[in-house]
Amino acid sequence: MIYCEDCSSYECGCPERKEIESLHRQLDAKQAEVDALMLEYCPSEMSQEQLDTWAAHQRPSEWKTNDELRQQLAELLDWQQKAFAACPNIDMDIDRMKGGN
């Protein structure tokens, strides 16, 4: 929590406090991005504090079971197949956009 000097309170509704809290959330989100990239590309360069913070913010997957994940994946693949069927020349269009013939 952030202490508001103006109100001598932790529970005030000052616009300044809301702005500070918003900035703290943005900073935390950016730090999480940095930590995720470091974990992927240079984990040996992460400090123990970064690893601990990253670990503390991990949450269980939203998927309750592998069956739910498989179902969502099947629906996505079905949608993709239908989209490609509706556009049979999509490969040629993509090649043309990339500068091919």
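What you see is a predicted model; the values in this text were computed from it and never measured.
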Distance, nearest 0.5 Å, that separates CD of Glu21 from CD of Gln26: 12.5 Å
Side chain to side chain contact (heavy atoms under 4.5 Å, CB included) involving Gln58 - partner list, sequence neighbours excluded: Trp54
Ser44 meets the side chain to side chain contact (heavy atoms under 4.5 Å, CB included) criterion, sequence neighbours left out, with none
Quick check: are there more than 12 heavy atoms from other residues, nucleotides or ligands sitting under 6.0 Å from CD of Glu75? yes
Mind running salt bridge (Lys or Arg N to Asp or Glu O under 4.0 Å) on Asp67 and Arg70 for me, showing each step along the way? CA-CA 5 Å; Asp67 291 337; Arg70 286 188 185 98; 3.5 Å; yes
Who passes side chain to side chain contact (heavy atoms under 4.5 Å, CB included) against Leu27, sequence neighbours left out? none
List in chain and number order the residues that pass side-chain hydrogen bond (donor to acceptor under 3.5 Å, both in side chains) with Gln48, two or more places apart in sequence or in another chain; answer none if no residue qualifies. Asp52
Would you say Gln72 and Glu68 are linked by a side-chain donor-acceptor pair, where the criterion is simply a distance under 3.5 Å? no
Distance in Å, Asp78 CG paired with Leu73 CG, rounded so as to fall on 0.5 Å steps: 11.0 Å
Show me the donor-acceptor pairs within less than 3.5 Å that the side chains of residues 33-41 make with the rest of the protein, sequence neighbours left out.
{"unit_1": "Asp35", "atom_1": "OD1", "unit_2": "Gln31", "atom_2": "NE2", "d": "2.8"}
{"unit_1": "Asp35", "atom_1": "OD1", "unit_2": "Gln50", "atom_2": "NE2", "d": "3.1"}

Taking only residues two or more places apart in sequence or in another chain, which ones pass side chain to side chain contact (heavy atoms under 4.5 Å, CB included) with Leu76? Trp79
